[in-house]
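Presented below is the structure to which this report refers.
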Number of protein chains: 2
Amino acid sequence: MAAKKALSSLSRRERQIMEVLYREGRATASEVLERLPDPPGYSAVRALLRILEDKGQVRHAADGNRYVYEPRLSRDRAGRPALAGVLETFFDGSAEKAVAALLDLSRHELTDADLDRLSDLIEQARLEGR
Amino acid sequence: MAAKKALSSLSRRERQIMEVLYREGRATASEVLERLPDPPGYSAVRALLRILEDKGQVRHAADGNRYVYEPRLSRDRAGRPALAGVLETFFDGSAEKAVAALLDLSRHELTDADLDRLSDLIEQARLEGR
DNA sequence: CATCCAGTGCTAAAAATTTAGCATATGCGA
DNA sequence: TCGCATATGCTAAATTTTTAGCACTGGATG
């Protein structure tokens, strides 16, 4: 099914719109428009949402008299391949390198409690990985 | 300068080519061609490499009688924003969620030594973060 | 020598993407 | 009621992207 198709095969604008939808979880066309870099007009966004729906990447639900769009594939199901792709492309597939970069990126936001949780994740992986 | 421009503003094929180049570090046009999903012809790849060079994303060096292309921005300088983007788009900006997904992705490849190194990274972050 | 193969520079056409605009509908406020 | 703002369905044109093809070069081979 088309919904299984990688985000990486989408065109530039399609991809930007999918990213807005994944970030927000769901959004109306006008909300998508507000959050697009270098935004086109409203009808351009709607046309692209329709295309994405035709492609099976997006679905909409009527909310009163307007449509709310959301990705058809869950965040988890889409986020993993995206993360794996970045890992492979920029980090030699190395979790260590990626975690190092992650820690660096998040440096100013991570509390001790956060770091404890990360340590716990690693311990868990250690227990489960065998 | 254009080289600072985000990979996210590239078109579909341009982006695919940049990903090949980041993955391989450097490549000739024919090597890029081999590694592209749903590859076009050789001259199509060369035309796109020239466009990417015009845009400042790529440079080439003559290697004998052929050109070897590489990204102008380093892997580190390009990989961080890419990782940050995935973090924000799919993981609410949460390092914890991303690490959990990373560990899951890498589950079958991580040795105890790898996990030790990840733990060390976290300890380092703990010491440096304050 | 001629031929073949792999390469480059360049162009322009084919294809895909992006965009805006029209007709229509609905809801709200004056 | 009317006017305005926001919405949808739809189309097609504008724009960008992608592609292939031509002319040429250089090296290797028979």
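In this text the structure is predicted, and so the values were computed from the model without any measurement. Residue numbering restarts at 1 for every chain, and letters A, B, ... go by the order of the sequence lines.
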### Query
Is a donor-acceptor contact shorter than 3.5 angstrom present between the side chain of B:Arg46 and the base of C:dG7?
no

### Task
Check whether any side-chain nitrogen or oxygen of A:Ser43 sits under 4.0 Å from OP1 or OP2 of D:dT8, and answer yes or no.
no

### Query
When the distance from CG of B:Asp54 to C1' of D:dT16 is rounded to whole Å, what number comes out?
15 Å

### Query
B:Asp38 CG to C:dA15 P: how many Å, rounded?
15 Å

### Query
Can you tell me how far P of D:dG9 sits from CG of A:Leu49, to the nearest Å?
11 Å

### Message
Whole angstroms only, please: what is the CD-P distance between B:Glu31 and C:dG7?
### Response
9 Å

### Side-chain N or O of B:Ser11 closer than 4.0 Å to phosphate OP1/OP2 of C:dT17
no

### Lys/Arg-Asp/Glu bridge criterion (N-O < 4.0 Å) met for A:Glu31, A:Arg35
no

### Message
Tell me the interatomic distance from A:Leu48, atom CG, to D:dG9, atom C1', rounded to whole angstroms.
### Response
15 Å

### Query
For B:Tyr42, which contact category applies under a 4.0 Å heavy-atom criterion: base, sugar-phosphate, or nothing?
base

### Query
Regarding B:Glu14 and B:Ser11, is there a side-chain donor-to-acceptor distance under 3.5 Å anywhere?
yes

### Task
Tell me which of B:Ala29 and A:Ile51 sits closer to the 5' end of DNA chain C, going by the nucleotide each one is nearest to.
B:Ala29

### Task
Please state how far atom CZ in A:Arg66 lies from atom C1' in C:dC28, giving the value in whole angstrom units.
14 Å

## Note on the structure
Separation of C:dT19 atom P from A:Leu52 atom CG, nearest Å, is 13 Å

### Query
Does a side chain donor of either A:Asp114 or A:Thr111 reach within less than 3.5 Å of an acceptor in the other side chain?
yes

### Query
When B:Glu70 is tested against each of B:Arg75, B:Arg59, B:Arg23 for salt bridge (charged side-chain N to carboxylate O under 4.0 Å, His left out), which residue passes?
B:Arg59

### Message
Please tell me if A:Arg13 has a side-chain N or O lying less than 4.0 Å from either OP1 or OP2 of C:dT19.
### Response
yes

### Message
I need the minimum non-hydrogen distance between B:Leu103 and A:Leu121, along with the two atoms involved.
### Response
CD1-O, 3.6 Å

### Task
Under 4.0 Å between any heavy atoms, over every strand shown, what does B:Thr28 touch: base, sugar-phosphate, or nothing? Just pick one.
nothing

### Task
State which of D:dT18, C:dT11, C:dG27 makes the closest approach to the side chain of B:Ala47.
C:dT11

### Query
With sugar-phosphate meaning primed atoms plus P, OP1 and OP2, does A:Arg50 contact a base, only sugar-phosphate, or nothing at under 4.0 Å between heavy atoms?
base

### Summary
When rounded to whole Å, the CG to P distance for the pair B:Asp63 and C:dA6 reads 17 Å

